[in-house]
Number of protein chains: 2
Amino acid sequence: MPIERSTYKDHVVKYIYDGMRENRYKAGEKILESHLAKELGISRAPIREALADLVRSGLLEYKPQVGNFVTSLSSIDLIDSYIARGVLEGFAVAQGIDSFTEEELKQLEEMAHKMGTFARDGKHKALIDIGQEFHEKLFSHCTNGQVVLFTEQLSLKLHLLFYKHWARVYSPKEICDRHLELIDAVRKKDPVLLEQVIRSHYFDTGLKIVEQEKTNINTMKGITDDN
Amino acid sequence: MPIERSTYKDHVVKYIYDGMRENRYKAGEKILESHLAKELGISRAPIREALADLVRSGLLEYKPQVGNFVTSLSSIDLIDSYIARGVLEGFAVAQGIDSFTEEELKQLEEMAHKMGTFARDGKHKALIDIGQEFHEKLFSHCTNGQVVLFTEQLSLKLHLLFYKHWARVYSPKEICDRHLELIDAVRKKDPVLLEQVIRSHYFDTGLKIVEQEKTNINTMKGITDDN
DNA sequence: ACCACCCATAATGTCGACAATCTACAATCT
DNA sequence: AGATTGTAGATTGTCGACATTATGGGTGGT
(Lines give C-alpha, C1' and ligand atoms only; values in the text may rest on other atoms or scores of the structure.)
Protein backbone atom coordinates (compact mmCIF):
# COMPACT_ATOMS: atom_id res chain seq x y z
CA MET A 1 0.00 0.00 0.00
CA PRO A 2 2.16 2.84 -1.28
CA ILE A 3 1.55 6.40 -0.16
CA GLU A 4 0.09 9.36 -1.99
CA ARG A 5 2.71 11.53 -3.63
CA SER A 6 4.09 14.89 -2.57
CA THR A 7 7.15 14.28 -0.47
CA TYR A 8 7.59 10.96 1.20
CA LYS A 9 9.32 12.19 4.30
CA ASP A 10 6.29 14.02 5.66
CA HIS A 11 4.06 11.06 5.03
CA VAL A 12 6.42 8.78 6.85
CA VAL A 13 6.61 11.18 9.78
CA LYS A 14 2.85 11.21 10.02
CA TYR A 15 2.71 7.44 9.64
CA ILE A 16 5.03 6.85 12.55
CA TYR A 17 3.37 9.56 14.61
CA ASP A 18 -0.04 7.96 14.13
CA GLY A 19 1.47 4.59 14.89
CA MET A 20 2.72 5.89 18.20
CA ARG A 21 -0.68 7.37 18.96
CA GLU A 22 -2.28 4.02 18.37
CA ASN A 23 0.27 2.37 20.57
CA ARG A 24 1.67 0.26 17.77
CA TYR A 25 5.13 1.27 18.90
CA LYS A 26 6.02 0.64 22.50
CA ALA A 27 8.34 2.87 24.49
CA GLY A 28 11.98 1.86 24.07
CA GLU A 29 11.23 -0.25 21.02
CA LYS A 30 13.64 -0.14 18.12
CA ILE A 31 12.45 1.18 14.77
CA LEU A 32 13.86 -0.72 11.79
CA GLU A 33 14.39 1.29 8.64
CA SER A 34 14.11 -1.65 6.30
CA HIS A 35 10.95 -2.78 8.00
CA LEU A 36 9.26 0.57 7.42
CA ALA A 37 10.62 0.72 3.90
CA LYS A 38 8.96 -2.55 2.98
CA GLU A 39 5.80 -1.66 4.87
CA LEU A 40 5.37 1.54 2.87
CA GLY A 41 6.85 0.29 -0.37
CA ILE A 42 9.51 2.99 -0.63
CA SER A 43 13.27 3.10 -0.23
CA ARG A 44 15.15 3.71 2.99
CA ALA A 45 16.30 7.25 2.14
CA PRO A 46 13.05 9.07 2.95
CA ILE A 47 12.55 6.78 5.92
CA ARG A 48 15.89 7.86 7.34
CA GLU A 49 15.00 11.51 6.87
CA ALA A 50 11.68 11.04 8.60
CA LEU A 51 13.32 9.24 11.51
CA ALA A 52 15.87 12.03 11.84
CA ASP A 53 12.99 14.51 11.94
CA LEU A 54 11.30 12.59 14.71
CA VAL A 55 14.55 12.49 16.64
CA ARG A 56 14.66 16.25 16.27
CA SER A 57 11.23 16.62 17.82
CA GLY A 58 12.19 14.31 20.65
CA LEU A 59 9.81 11.49 19.81
CA LEU A 60 12.63 9.11 18.95
CA GLU A 61 16.12 8.66 20.28
CA TYR A 62 19.09 7.90 18.07
CA LYS A 63 22.16 5.86 18.85
CA PRO A 64 24.88 6.07 16.21
CA GLN A 65 25.54 2.82 14.40
CA VAL A 66 22.70 1.22 16.29
CA GLY A 67 19.37 2.70 15.38
CA ASN A 68 16.36 4.73 16.41
CA PHE A 69 14.26 3.96 19.47
CA VAL A 70 10.90 5.18 20.67
CA THR A 71 11.56 7.72 23.39
CA SER A 72 10.68 6.61 26.85
CA LEU A 73 10.69 9.60 29.14
CA SER A 74 11.87 9.00 32.67
CA SER A 75 9.86 10.58 35.44
CA ILE A 76 12.48 13.29 35.67
CA ASP A 77 12.34 14.00 31.94
CA LEU A 78 8.59 14.14 32.07
CA ILE A 79 8.46 16.63 34.89
CA ASP A 80 11.23 18.68 33.31
CA SER A 81 9.24 18.90 30.12
CA TYR A 82 6.10 20.01 31.90
CA ILE A 83 8.06 22.59 33.85
CA ALA A 84 9.67 23.91 30.70
CA ARG A 85 6.30 24.18 29.06
CA GLY A 86 4.96 26.04 32.07
CA VAL A 87 7.83 28.51 31.89
CA LEU A 88 7.38 29.14 28.19
CA GLU A 89 3.61 29.28 28.14
CA GLY A 90 3.61 31.38 31.29
CA PHE A 91 5.81 33.95 29.64
CA ALA A 92 3.85 33.79 26.41
CA VAL A 93 0.51 34.45 28.02
CA ALA A 94 1.87 37.06 30.42
CA GLN A 95 3.47 38.90 27.55
CA GLY A 96 0.14 39.32 25.82
CA ILE A 97 -1.88 39.82 28.98
CA ASP A 98 -3.14 43.26 27.99
CA SER A 99 -4.46 42.27 24.60
CA PHE A 100 -7.14 39.90 25.91
CA THR A 101 -10.62 41.28 25.33
CA GLU A 102 -13.45 40.65 27.75
CA GLU A 103 -15.18 38.67 25.02
CA GLU A 104 -12.25 36.31 24.73
CA LEU A 105 -12.17 35.81 28.46
CA LYS A 106 -15.85 34.93 28.42
CA GLN A 107 -15.20 32.40 25.67
CA LEU A 108 -12.39 30.91 27.70
CA GLU A 109 -14.65 30.65 30.75
CA GLU A 110 -17.25 28.90 28.67
CA MET A 111 -14.64 26.46 27.48
CA ALA A 112 -13.53 25.78 31.04
CA HIS A 113 -17.08 24.89 32.03
CA LYS A 114 -17.46 22.70 28.98
CA MET A 115 -14.31 20.87 30.00
CA GLY A 116 -15.84 20.15 33.38
CA THR A 117 -18.97 18.83 31.72
CA PHE A 118 -17.12 16.65 29.24
CA ALA A 119 -15.03 15.25 32.06
CA ARG A 120 -18.15 14.40 34.05
CA ASP A 121 -19.72 12.70 31.04
CA GLY A 122 -16.62 10.70 30.28
CA LYS A 123 -16.18 12.30 26.86
CA HIS A 124 -12.41 12.07 26.95
CA LYS A 125 -11.77 12.84 23.32
CA ALA A 126 -13.87 16.01 23.43
CA LEU A 127 -12.22 17.01 26.68
CA ILE A 128 -8.75 16.68 25.23
CA ASP A 129 -9.67 18.57 22.08
CA ILE A 130 -11.18 21.50 23.91
CA GLY A 131 -8.28 21.51 26.34
CA GLN A 132 -5.93 21.89 23.42
CA GLU A 133 -8.11 24.65 22.01
CA PHE A 134 -8.15 26.42 25.37
CA HIS A 135 -4.40 26.55 25.61
CA GLU A 136 -4.07 27.58 21.98
CA LYS A 137 -6.39 30.50 22.58
CA LEU A 138 -4.49 31.51 25.69
CA PHE A 139 -1.36 31.28 23.65
CA SER A 140 -2.60 33.10 20.59
CA HIS A 141 -1.49 36.54 21.75
CA CYS A 142 2.15 35.57 21.92
CA THR A 143 4.06 37.28 19.15
CA ASN A 144 7.38 35.68 19.94
CA GLY A 145 8.00 33.15 17.20
CA GLN A 146 10.83 31.45 19.04
CA VAL A 147 8.74 30.86 22.16
CA VAL A 148 5.87 29.60 20.04
CA LEU A 149 8.20 27.18 18.29
CA PHE A 150 9.61 25.68 21.48
CA THR A 151 6.19 25.43 23.06
CA GLU A 152 4.70 23.67 20.06
CA GLN A 153 7.60 21.25 20.12
CA LEU A 154 6.96 20.43 23.76
CA SER A 155 3.23 20.30 23.26
CA LEU A 156 3.61 17.78 20.46
CA LYS A 157 5.80 15.51 22.50
CA LEU A 158 3.80 15.66 25.69
CA HIS A 159 0.50 15.35 23.88
CA LEU A 160 1.59 12.21 22.13
CA LEU A 161 3.17 10.46 25.04
CA PHE A 162 0.66 11.31 27.71
CA TYR A 163 -2.64 12.39 26.32
CA LYS A 164 -4.16 9.20 27.66
CA HIS A 165 -3.63 10.43 31.20
CA TRP A 166 -5.06 13.90 30.84
CA ALA A 167 -8.63 12.92 31.50
CA ARG A 168 -7.82 10.98 34.62
CA VAL A 169 -5.42 13.02 36.70
CA TYR A 170 -7.96 15.61 37.79
CA SER A 171 -11.56 15.35 38.89
CA PRO A 172 -14.10 17.14 36.66
CA LYS A 173 -14.50 19.93 39.19
CA GLU A 174 -10.75 20.33 39.52
CA ILE A 175 -10.35 20.59 35.76
CA CYS A 176 -12.90 23.35 35.54
CA ASP A 177 -11.64 25.24 38.60
CA ARG A 178 -7.99 25.12 37.63
CA HIS A 179 -8.72 26.63 34.24
CA LEU A 180 -11.00 29.29 35.72
CA GLU A 181 -8.12 30.17 37.99
CA LEU A 182 -5.96 30.83 34.94
CA ILE A 183 -8.59 33.12 33.47
CA ASP A 184 -8.88 35.04 36.73
CA ALA A 185 -5.14 35.56 36.73
CA VAL A 186 -5.38 37.02 33.22
CA ARG A 187 -8.21 39.32 34.36
CA LYS A 188 -6.09 40.70 37.16
CA LYS A 189 -3.54 41.90 34.60
CA ASP A 190 -0.75 40.81 36.93
CA PRO A 191 1.96 39.23 34.74
CA VAL A 192 4.03 37.91 37.62
CA LEU A 193 1.08 36.20 39.26
CA LEU A 194 -0.07 34.85 35.93
CA GLU A 195 3.27 33.29 35.15
CA GLN A 196 3.34 31.73 38.57
CA VAL A 197 -0.16 30.27 38.17
CA ILE A 198 0.58 28.78 34.77
CA ARG A 199 3.86 27.33 35.94
CA SER A 200 2.28 25.55 38.87
CA HIS A 201 -0.55 24.39 36.63
CA TYR A 202 1.88 22.46 34.49
CA PHE A 203 4.12 21.44 37.35
CA ASP A 204 1.21 19.86 39.19
CA THR A 205 0.04 18.11 36.07
CA GLY A 206 3.47 16.64 35.49
CA LEU A 207 3.67 15.42 39.05
CA LYS A 208 0.24 13.82 38.93
CA ILE A 209 0.96 12.02 35.69
CA VAL A 210 4.16 10.62 37.12
CA GLU A 211 2.30 9.43 40.19
CA GLN A 212 -0.37 7.81 38.12
CA GLU A 213 2.18 6.08 35.94
CA LYS A 214 3.86 4.64 38.99
CA THR A 215 0.64 3.22 40.40
CA ASN A 216 -0.28 1.88 36.97
CA ILE A 217 2.95 0.01 36.72
CA ASN A 218 2.56 -1.39 40.20
CA THR A 219 -0.97 -2.61 39.66
CA MET A 220 -0.12 -4.07 36.28
CA LYS A 221 2.97 -6.02 37.18
CA GLY A 222 2.37 -6.56 40.86
CA ILE A 223 4.64 -4.84 43.31
CA THR A 224 8.07 -5.13 41.76
CA ASP A 225 11.39 -3.97 43.09
CA ASP A 226 11.96 -0.26 42.67
CA ASN A 227 15.13 0.23 40.68
CA MET B 1 41.00 15.94 1.06
CA PRO B 2 38.61 13.45 2.62
CA ILE B 3 37.70 13.67 6.25
CA GLU B 4 38.84 11.60 9.19
CA ARG B 5 36.63 8.61 9.81
CA SER B 6 33.91 8.09 12.41
CA THR B 7 30.64 9.32 11.00
CA TYR B 8 30.57 11.72 8.14
CA LYS B 9 27.46 13.61 9.14
CA ASP B 10 29.02 15.15 12.24
CA HIS B 11 32.11 16.19 10.35
CA VAL B 12 30.01 17.85 7.71
CA VAL B 13 27.99 19.68 10.35
CA LYS B 14 31.18 21.00 11.87
CA TYR B 15 32.56 21.88 8.47
CA ILE B 16 29.56 24.02 7.59
CA TYR B 17 29.41 25.52 11.06
CA ASP B 18 33.04 26.59 10.86
CA GLY B 19 32.42 27.90 7.38
CA MET B 20 29.66 30.10 8.67
CA ARG B 21 31.88 31.32 11.49
CA GLU B 22 34.51 32.30 8.97
CA ASN B 23 31.92 34.09 6.90
CA ARG B 24 32.40 31.81 3.94
CA TYR B 25 28.64 31.48 3.71
CA LYS B 26 26.65 34.68 3.48
CA ALA B 27 23.17 35.08 4.95
CA GLY B 28 20.49 33.95 2.54
CA GLU B 29 22.96 32.10 0.35
CA LYS B 30 21.97 28.74 -1.05
CA ILE B 31 23.92 25.66 -0.02
CA LEU B 32 24.44 23.17 -2.82
CA GLU B 33 24.62 19.54 -1.80
CA SER B 34 26.70 18.51 -4.78
CA HIS B 35 29.24 21.26 -4.17
CA LEU B 36 29.81 20.12 -0.63
CA ALA B 37 29.92 16.51 -1.74
CA LYS B 38 32.71 17.23 -4.21
CA GLU B 39 34.45 19.58 -1.80
CA LEU B 40 34.64 16.87 0.85
CA GLY B 41 34.99 13.92 -1.46
CA ILE B 42 31.97 12.04 -0.14
CA SER B 43 28.51 11.28 -1.43
CA ARG B 44 25.42 13.41 -1.02
CA ALA B 45 23.72 11.20 1.56
CA PRO B 46 25.66 12.29 4.63
CA ILE B 47 25.61 15.86 3.33
CA ARG B 48 21.84 15.82 3.27
CA GLU B 49 21.70 14.49 6.81
CA ALA B 50 24.05 17.18 8.01
CA LEU B 51 22.03 19.89 6.30
CA ALA B 52 18.84 18.57 7.88
CA ASP B 53 20.57 18.72 11.25
CA LEU B 54 21.53 22.33 10.71
CA VAL B 55 17.99 23.14 9.70
CA ARG B 56 16.85 21.71 13.00
CA SER B 57 19.19 23.94 14.96
CA GLY B 58 17.94 26.92 13.03
CA LEU B 59 21.19 27.71 11.23
CA LEU B 60 19.77 26.85 7.85
CA GLU B 61 16.32 27.17 6.31
CA TYR B 62 14.83 24.56 4.06
CA LYS B 63 12.44 25.03 1.13
CA PRO B 64 11.03 21.78 -0.24
CA GLN B 65 12.11 20.98 -3.77
CA VAL B 66 14.37 24.03 -3.74
CA GLY B 67 17.19 23.67 -1.25
CA ASN B 68 18.81 24.85 1.94
CA PHE B 69 19.67 28.46 2.65
CA VAL B 70 21.77 30.16 5.30
CA THR B 71 19.37 31.60 7.84
CA SER B 72 19.12 35.34 7.87
CA LEU B 73 17.28 36.40 11.00
CA SER B 74 15.04 39.41 10.70
CA SER B 75 15.25 42.01 13.45
CA ILE B 76 12.08 40.56 14.92
CA ASP B 77 13.45 37.01 14.90
CA LEU B 78 16.65 38.18 16.48
CA ILE B 79 14.93 39.97 19.33
CA ASP B 80 12.52 37.07 19.80
CA SER B 81 15.44 34.71 20.16
CA TYR B 82 17.17 36.88 22.72
CA ILE B 83 13.95 37.26 24.67
CA ALA B 84 13.38 33.52 24.63
CA ARG B 85 16.88 32.93 25.85
CA GLY B 86 16.35 35.44 28.63
CA VAL B 87 13.20 33.66 29.73
CA LEU B 88 14.83 30.25 29.75
CA GLU B 89 18.12 31.25 31.31
CA GLY B 90 16.30 33.42 33.81
CA PHE B 91 14.26 30.48 34.98
CA ALA B 92 17.26 28.18 34.95
CA VAL B 93 19.38 30.40 37.15
CA ALA B 94 16.51 31.33 39.45
CA GLN B 95 15.68 27.68 39.94
CA GLY B 96 19.17 26.97 41.25
CA ILE B 97 19.53 30.24 43.10
CA ASP B 98 20.03 28.62 46.49
CA SER B 99 22.78 26.26 45.45
CA PHE B 100 25.31 28.96 44.58
CA THR B 101 28.18 29.01 47.06
CA GLU B 102 29.92 32.21 48.05
CA GLU B 103 33.05 30.87 46.40
CA GLU B 104 31.28 30.52 43.08
CA LEU B 105 29.91 34.03 43.35
CA LYS B 106 33.41 35.33 43.97
CA GLN B 107 34.64 33.47 40.89
CA LEU B 108 31.83 34.97 38.86
CA GLU B 109 32.71 38.45 40.07
CA GLU B 110 36.29 37.90 39.11
CA MET B 111 35.17 36.84 35.67
CA ALA B 112 33.03 39.96 35.31
CA HIS B 113 36.01 42.15 36.07
CA LYS B 114 38.16 40.21 33.65
CA MET B 115 35.54 40.80 30.99
CA GLY B 116 35.80 44.53 31.57
CA THR B 117 39.58 44.35 31.27
CA PHE B 118 39.52 42.28 28.09
CA ALA B 119 37.01 44.68 26.59
CA ARG B 120 39.23 47.64 27.41
CA ASP B 121 42.28 45.95 25.89
CA GLY B 122 40.42 45.00 22.74
CA LYS B 123 40.88 41.28 23.36
CA HIS B 124 37.61 40.36 21.71
CA LYS B 125 38.23 36.65 21.46
CA ALA B 126 39.10 36.33 25.13
CA LEU B 127 36.11 38.46 26.04
CA ILE B 128 33.73 36.25 24.13
CA ASP B 129 35.21 33.08 25.58
CA ILE B 130 34.97 34.23 29.16
CA GLY B 131 31.48 35.56 28.51
CA GLN B 132 30.44 32.11 27.39
CA GLU B 133 32.09 30.61 30.43
CA PHE B 134 30.32 33.07 32.71
CA HIS B 135 26.91 32.15 31.44
CA GLU B 136 27.73 28.46 31.54
CA LYS B 137 28.67 28.75 35.17
CA LEU B 138 25.51 30.68 35.97
CA PHE B 139 23.62 28.00 34.14
CA SER B 140 25.36 25.02 35.67
CA HIS B 141 22.94 24.65 38.59
CA CYS B 142 19.97 24.06 36.34
CA THR B 143 18.86 20.46 36.61
CA ASN B 144 16.10 20.71 34.04
CA GLY B 145 17.35 18.88 30.98
CA GLN B 146 14.66 20.27 28.72
CA VAL B 147 15.46 23.86 29.61
CA VAL B 148 19.16 23.18 29.17
CA LEU B 149 18.49 21.71 25.75
CA PHE B 150 16.49 24.65 24.47
CA THR B 151 18.93 27.15 25.87
CA GLU B 152 21.90 25.44 24.28
CA GLN B 153 20.06 25.42 20.99
CA LEU B 154 19.45 29.15 21.20
CA SER B 155 22.94 29.83 22.42
CA LEU B 156 24.44 28.00 19.47
CA LYS B 157 22.40 29.93 16.97
CA LEU B 158 22.87 33.35 18.51
CA HIS B 159 26.55 32.78 19.16
CA LEU B 160 27.22 31.90 15.58
CA LEU B 161 25.18 34.59 13.94
CA PHE B 162 26.09 37.46 16.17
CA TYR B 163 29.20 36.84 18.14
CA LYS B 164 30.94 39.50 16.11
CA HIS B 165 28.75 42.13 17.70
CA TRP B 166 29.11 41.15 21.32
CA ALA B 167 32.28 43.05 21.92
CA ARG B 168 30.95 46.25 20.45
CA VAL B 169 27.45 46.79 21.76
CA TYR B 170 28.51 47.68 25.31
CA SER B 171 31.32 49.80 26.68
CA PRO B 172 33.88 47.94 28.83
CA LYS B 173 32.44 49.44 31.99
CA GLU B 174 28.91 48.53 30.98
CA ILE B 175 29.95 44.94 30.33
CA CYS B 176 31.47 44.60 33.76
CA ASP B 177 28.63 46.37 35.57
CA ARG B 178 25.84 44.49 33.88
CA HIS B 179 27.35 41.17 34.86
CA LEU B 180 28.00 42.30 38.41
CA GLU B 181 24.34 43.24 38.54
CA LEU B 182 23.43 39.65 37.71
CA ILE B 183 25.65 38.36 40.51
CA ASP B 184 24.10 40.76 42.99
CA ALA B 185 20.67 39.51 42.04
CA VAL B 186 21.80 35.96 42.75
CA ARG B 187 23.17 37.06 46.13
CA LYS B 188 19.84 38.53 47.11
CA LYS B 189 18.23 35.11 46.70
CA ASP B 190 15.23 36.75 45.11
CA PRO B 191 14.15 34.52 42.20
CA VAL B 192 11.61 36.94 40.78
CA LEU B 193 14.07 39.81 40.70
CA LEU B 194 16.74 37.57 39.27
CA GLU B 195 14.55 36.39 36.42
CA GLN B 196 13.65 39.96 35.64
CA VAL B 197 17.27 41.06 35.60
CA ILE B 198 18.37 38.27 33.31
CA ARG B 199 15.47 38.84 30.97
CA SER B 200 16.23 42.50 30.55
CA HIS B 201 19.92 41.67 30.16
CA TYR B 202 19.16 39.65 27.04
CA PHE B 203 16.39 41.92 25.83
CA ASP B 204 18.69 44.93 25.89
CA THR B 205 21.43 43.00 24.14
CA GLY B 206 19.06 41.95 21.39
CA LEU B 207 17.88 45.51 20.91
CA LYS B 208 21.39 46.88 20.76
CA ILE B 209 22.54 44.34 18.22
CA VAL B 210 19.59 45.14 16.01
CA GLU B 211 20.39 48.82 16.25
CA GLN B 212 24.01 48.25 15.42
CA GLU B 213 23.12 46.08 12.45
CA LYS B 214 20.89 48.80 11.08
CA THR B 215 23.56 51.48 11.32
CA ASN B 216 26.09 49.09 9.81
CA ILE B 217 23.90 48.51 6.81
CA ASN B 218 23.32 52.23 6.38
CA THR B 219 26.97 53.15 6.55
CA MET B 220 27.99 50.32 4.26
CA LYS B 221 25.48 50.87 1.50
CA GLY B 222 24.77 54.54 1.92
CA ILE B 223 21.30 55.57 2.99
CA THR B 224 19.08 53.27 1.00
CA ASP B 225 15.31 53.11 0.88
CA ASP B 226 13.85 51.27 3.84
CA ASN B 227 11.79 48.38 2.50
C1' DA C 1 9.51 46.31 -27.05
C1' DC C 2 7.02 43.21 -24.08
C1' DC C 3 4.80 39.05 -22.57
C1' DA C 4 3.90 34.04 -22.75
C1' DC C 5 5.43 29.69 -23.58
C1' DC C 6 8.83 26.13 -24.17
C1' DC C 7 12.96 23.85 -23.46
C1' DA C 8 17.65 23.00 -21.61
C1' DT C 9 20.03 22.86 -17.43
C1' DA C 10 20.84 21.91 -12.90
C1' DA C 11 19.46 20.86 -8.40
C1' DT C 12 16.73 18.08 -5.24
C1' DG C 13 14.10 13.59 -4.24
C1' DT C 14 14.40 8.74 -4.48
C1' DC C 15 16.27 4.33 -5.38
C1' DG C 16 18.80 -0.21 -4.97
C1' DA C 17 23.25 -2.06 -3.77
C1' DC C 18 27.54 -2.38 -1.27
C1' DA C 19 30.51 -1.55 2.91
C1' DA C 20 31.13 -0.95 7.79
C1' DT C 21 29.37 -1.99 12.12
C1' DC C 22 26.72 -4.02 15.74
C1' DT C 23 24.22 -8.12 17.95
C1' DA C 24 23.46 -12.71 19.14
C1' DC C 25 24.58 -17.23 19.24
C1' DA C 26 27.76 -20.92 19.28
C1' DA C 27 32.17 -22.98 19.96
C1' DT C 28 36.20 -23.05 22.77
C1' DC C 29 39.02 -22.46 26.80
C1' DT C 30 39.83 -22.00 31.83
C1' DA D 1 29.74 -24.24 34.54
C1' DG D 2 31.08 -19.67 33.43
C1' DA D 3 33.49 -16.59 30.73
C1' DT D 4 35.65 -15.41 26.36
C1' DT D 5 36.25 -15.29 21.65
C1' DG D 6 34.89 -16.07 16.91
C1' DT D 7 31.62 -16.10 13.48
C1' DA D 8 27.15 -15.43 10.96
C1' DG D 9 23.30 -12.66 10.41
C1' DA D 10 21.14 -8.45 10.38
C1' DT D 11 21.17 -3.34 10.45
C1' DT D 12 22.98 1.06 9.76
C1' DG D 13 26.18 4.13 6.91
C1' DT D 14 27.48 5.36 2.40
C1' DC D 15 27.54 5.33 -2.46
C1' DG D 16 26.48 6.35 -7.47
C1' DA D 17 22.71 6.65 -10.63
C1' DC D 18 18.10 7.72 -12.04
C1' DA D 19 13.56 10.36 -11.66
C1' DT D 20 11.34 14.51 -10.70
C1' DT D 21 10.98 19.21 -10.11
C1' DA D 22 12.50 24.23 -10.09
C1' DT D 23 15.09 27.83 -12.67
C1' DG D 24 16.73 30.74 -16.48
C1' DG D 25 17.13 31.83 -21.06
C1' DG D 26 15.60 31.86 -25.57
C1' DT D 27 12.08 31.90 -29.11
C1' DG D 28 7.95 33.26 -31.08
C1' DG D 29 3.90 35.95 -31.13
C1' DT D 30 1.39 40.27 -30.38
Legend entry - Atom-to-atom span, CD1 of A:Ile31 to P of D:dT12 - whole angstrom: 10 Å
Legend entry - Atom CG of B:Leu156: over 12 foreign heavy atoms under 6.0 Å: yes
Legend entry - Which residue lies more 5' along DNA chain D, comparing B:Pro46 with B:Lys30 via nearest heavy atoms: B:Pro46
Inset, instruction - Using a cut-off of strictly less than 4.0 Å, decide whether B:Ser43 has a side-chain nitrogen or oxygen near OP1 or OP2 of D:dT14. - result: no
Legend entry - Backbone of B:Gln196 reached by a side-chain donor or acceptor of B:Ser200 within 3.5 Å: yes
Inset, instruction - With DNA chain C as reference, determine whether B:Asn68 or A:Ala45 sits nearer its 5' end, using the nearest nucleotide of each. - result: B:Asn68
Legend entry - Any donor-acceptor N or O pair under 3.5 Å, side chains A:Lys137, A:Gln132: no
Legend entry - Polar side chain donor-acceptor pair, B:Gln146 to A:Ser81, under 3.5 angstrom: yes
Inset, instruction - May I have the distance from B:Ile42 (atom CD1) to D:dG16 (atom C1'), rounded to whole angstrom? - result: 14 Å
Inset, instruction - Write down the partner of D:dG9 under the Watson-Crick or G-U wobble criteria, each distance required to be under 3.5 Å. - result: C:dC22
Legend entry - Nucleotide nearest B:Gln65 (side chain, heavy atoms from C-beta), chosen from C:dG13, D:dC15, C:dC15: C:dG13
Legend entry - Along DNA chain C (nearest heavy atom to each residue), the more 5'-positioned of B:His35 and A:Pro64: B:His35
Legend entry - Distance, rounded to the nearest Å, where A:Lys63 contributes NZ and C:dA20 contributes P: 24 Å
Inset, instruction - Give one of base, sugar-phosphate or nothing for B:Glu33, where a contact means two heavy atoms less than 4.0 Å apart. - result: sugar-phosphate
Inset, instruction - Select one nucleotide: of C:dG13, D:dT11, C:dT23, the one nearest the side-chain heavy atoms of A:Val66. - result: C:dT23
Inset, instruction - Under 4.0 Å between any heavy atoms, over every strand shown, what does B:Ile47 touch: base, sugar-phosphate, or nothing? Just pick one. - result: nothing
Inset, instruction - Respond yes when some side-chain nitrogen or oxygen of A:Tyr62 is under 4.0 Å from OP1 or OP2 of D:dG13, and no when none is. - result: yes
Legend entry - Side-chain N,O (B:Arg44) to OP1/OP2 (D:dC15) below 4.0 Å: no
Legend entry - Rounded interatomic separation in angstrom, taking CG from A:Leu51 and P from D:dT11: 14 Å
Inset, instruction - May I ask you to evaluate whether A:Arg48 reaches the phosphate of D:dG13, defined as a side-chain N or O under 4.0 Å from OP1 or OP2? - result: yes
Inset, instruction - In whole angstrom, give the distance that lies between atom OH of A:Tyr8 and atom P of D:dT21. - result: 10 Å
Inset, instruction - Quickly work out the B:Leu32 CG to C:dA10 C1' distance and round it to whole Å. - result: 9 Å
Inset, instruction - Could you check how far CG of B:Asp10 sits from P of D:dG13, rounded to whole Å? - result: 10 Å
Inset, instruction - For this output row, return yes or no: ring centroids of A:Tyr170 and A:His179 closer than 6.0 angstrom. - result: no
Inset, instruction - Rounded to the nearest angstrom, tell me the gap between atom CZ in B:Phe69 and atom P in D:dA22. - result: 13 Å
